A.B. asks: 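What follows is a structure written as structure tokens; I'll ask about it next.
Predicted model only: the values in this text are computed from it and were never measured. First listed ligand is number 1; within each ligand, the first listed atom is number 1.
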Amino acid sequence: MNHNELLIDEQVKAIKTSGIRQFFNRVSTVEGAVQLTLGQPDFPTPDHVKQSAIKAIEEGATTYTPNQGIEPLRIAAANFVKEKYRLSYNAKSEVITTVGASQALDLAVRTLISSEDEVIIPAPVYPAYEPLITLKGGKPVFVDTRETNFTLTANALREAITSKTKAVILPYPSNPTGVVLEEAELQEIVDVLREHPNVFIISDEIYSELVYEGNHRSIATVEEMRERTFVINGVSKSHSMTGWRIGFLFGPESLIQHALKVHQYNVSCPTSISQYAALAALTNGKDDANAMKDAYVVRRNYVMERLDSMGISYTLPKGAFYLFPSIERTGLTSFDFAVTLLEQEKLAVVPGTAFSDYGEGYVRLSYAYSMDNLKEACDRLERFIQSL
Ligand SMILES: Cc1ncc(COP(=O)(O)O)c(C=O)c1O
């Protein structure tokens with residue numbers, strides 16, 4: 001064994017590389033593969049956003065910014081979530097501009113979680129939460145949502161809470177399932193959390209602009225909950241800006257003031273140029289997501305129709321850009337299904353187990369692809385299902 005291997009931190013050693021990445025690396029070696037694997041919009045970043053970044057460079061906005069991010073951007077972000085979701089945050093003291101939603105998540109976890117703390121996570125779920133928690137010595141407590149249409153029910157939440165519970169993660173709209181929290185479900189969760197005043201909420205709302213039926217609703221619109229909630233959002237999915245790395249952490253000042261210290265020593269500030277790009281996105285491009293959303297609905301409906309005709313069942317995704325169909329009736333594990341599909345038909349999907357063990361029996365299909373790509377992918381999937 002390499003000498004260094006003996007000395008590396010045990011918690012770091014215990015983390016596994018993301019299953020999505022692992023699969024993606026495997027796919028990239030298969031020539032001519034059609035993909036439904038990526039979790040990012042296929043649209044270009046809006047032109048006015050790109051122009052603002054170019055202008056920022058030309059005007060010399062290339063220095064450090066305040067740790068929290070430039071003030072106009074914080075004001076724009078606070079206005080954006082107020083107008084769109086009725087969330088109310090003070091741009092001076094209750095917003096941090098982060099390096100994507102990813103860093104906002106890291107800040108939330110590092111600010112709240114101590115060794116032995118339990119964090120409730122509805123699963124199957126986006127893979128980043130678990131390692132962030134274990135790195136702090138915390139314990140992820142997965143709640144299996146496969147029998148409840150992938151939503152965290154009030155009952156399941158109540159059962160999962162113990163004296164050690166520090167936080168619950170609400171990842172809605174959900175990656176990988178596309179499920180959103182309905183108003184009634186949200187109210188029931190609020191009722192349970194009222195009984196547990198020491199439990200914090202980490203609400204990952206990065207897909208909030210991509211809700212297809214009704215409006216996005218954040219738990220932090222409930223005043224009592226707002227006081228113990230970190231809301232995570234950003235421009236990656238709403239404005240097709242995944243590479244620009246701009247997100248936001250919103251919360252009451254009592255939480256943000258501590259998160260800001262972690263942020264300051266971690267990254268100082270996100271890239272200055274990207275901050276100006278995000279400012280354009282959230283001021284002149286408030287509704288940029290709408291056209292993309294319209295395209296996603298058409299694509300989603302197309303893939304759903306094709307799955308219907310193949311006899312493959314799924315839960316109706318009301319947000320994000322993923323379908324999470326069940327492959328249970330094929331008798332294959334998620335991993336074997338994905339590998340065989342890739343080998344036989346050169347079609348790449350993500351095995352459900354990339355989203356925790358509770359994703360077994362499912363695969364994730366992203367419909368953030370052109371209609372031509374989706375059509376070809378569905379043809380291949382259909383041939384594969386018929387061959388089994
Ligand atoms: C649920 C969820 N949260 C957070 C992120 C990270 O977003 P960002 O690229 O802004 O860091 C993703 C990205 O796929 C996601 O799916």
A.B. asks: Could you say whether the N/O atoms of Lys237 and ligand 1 ever approach to under 3.5 Å?
C.D. replies: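 Right, the criterion is met.
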A.B. asks: Do Lys84 and Glu205 sit within salt-bridge range, that is, some charged N less than 4.0 Å from a carboxylate O?
C.D. replies: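 Result for this pair is no, no salt bridge flagged.
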A.B. asks: Of the backbone atoms (N, CA, C, O) and the side-chain heavy atoms from C-beta on, which set of Ala101 has a member under 4.0 Å from an atom of ligand 1: side chain, backbone, both, or neither?
C.D. replies: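 The part of Ala101 near ligand 1 is both the backbone and the side chain.
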A.B. asks: What part of Gln40, side chain from CB on, backbone N/CA/C/O, both or neither, has a heavy atom under 4.0 Å from ligand 1?
C.D. replies: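 No part of Gln40 comes within reach of ligand 1.
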A.B. asks: Within ligand 1, which atoms have a heavy atom of Gly100 less than 4.0 Å away?
C.D. replies: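 Numbered from 1, ligand 1 contributes 10 (O), 11 (O).
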A.B. asks: To the nearest 0.5 Å, how far apart are CD1 in Ile121 and OG1 in Thr145?
C.D. replies: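 Between atom CD1 of Ile121 and atom OG1 of Thr145 there are 12.0 Å.
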A.B. asks: Note the single closest protein heavy atom to atom 11 (O) of ligand 1, along with its residue, its atom name and the distance in Å.
C.D. replies: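 So the nearest neighbour among protein heavy atoms is Ser102 OG, 2.5 Å.
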A.B. asks: Take the angle between the ring planes of Phe142 and Tyr358 and call it parallel below 30°, perpendicular above 60°, tilted in between.
C.D. replies: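 Because their plane-to-plane angle lies in the 30° to 60° range, the rings of Phe142 and Tyr358 count as tilted.
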A.B. asks: Do any heavy atoms of Asp204 fall under 4.0 Å from ligand 1?
C.D. replies: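 In this structure, Asp204 qualifies as a contact of ligand 1 - some heavy atom is under 4.0 Å.
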A.B. asks: Leu105 to ligand 1: N or O pair under 3.5 Å?
C.D. replies: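 No.
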A.B. asks: With heavy atoms of Ser236 as the reference, note each atom of ligand 1 found under 4.0 Å away.
C.D. replies: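 Listed by number with element: 8 (P), 9 (O), 10 (O).
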A.B. asks: Yes or no on ring pair (Phe, Tyr, Trp, His ring centres under 6.0 Å) for Tyr314 and Tyr362, after CA distance, side-chain angles and deciding distance?
C.D. replies: CA-CA 9 Å; Tyr314 52 86; Tyr362 298 85; over 10 Å; no
A.B. asks: Going by the atom numbers of ligand 1, which of them fall below 4.0 Å from some non-hydrogen atom of Arg245?
C.D. replies: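 Counting atoms of ligand 1 from 1, those under 4.0 Å from Arg245 are 8 (P), 9 (O), 10 (O), 11 (O).
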A.B. asks: Looking at Ile256 and Leu249, what are the two nearest heavy atoms and their distance?
C.D. replies: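 In this case the closest contact between Ile256 and Leu249 is CD1-O, 3.6 Å.
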A.B. asks: So which heavy atom in the protein is nearest atom 5 (C) of ligand 1, and how far is it from that ligand atom?
C.D. replies: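 For this ligand atom, the closest protein heavy atom is Tyr126 OH, 3.3 Å.
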A.B. asks: Please determine whether residues Leu181 and Val168 belong to a single hydrophobic cluster, defined as Ile, Leu, Val, Met, Phe, Trp and Tyr linked transitively by side-chain heavy-atom distances below 4.5 Å.
C.D. replies: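 Yes, Leu181 and Val168 fall within the same hydrophobic cluster.
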A.B. asks: Could you give the distance from NZ (Lys13) to CG (Asp9), rounded to the nearest 0.5 Å?
C.D. replies: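 Going from NZ on Lys13 over to CG on Asp9, the span is 8.5 Å.
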A.B. asks: Out of all atoms in ligand 1, which are within 4.0 Å of some heavy atom of Tyr207? Include the element for each.
C.D. replies: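 It comes down to these atoms of ligand 1: 1 (C), 14 (O), 15 (C), 16 (O).
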A.B. asks: Does Tyr129 come within less than 4.0 Å of ligand 1, judged by its heavy atoms?
C.D. replies: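 A heavy atom of Tyr129 does come that close to ligand 1.
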A.B. asks: Give the ring-plane orientation class for Phe250 versus Phe248, where under 30° counts as parallel, over 60° as perpendicular and anything between as tilted.
C.D. replies: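 Correct class here is tilted.
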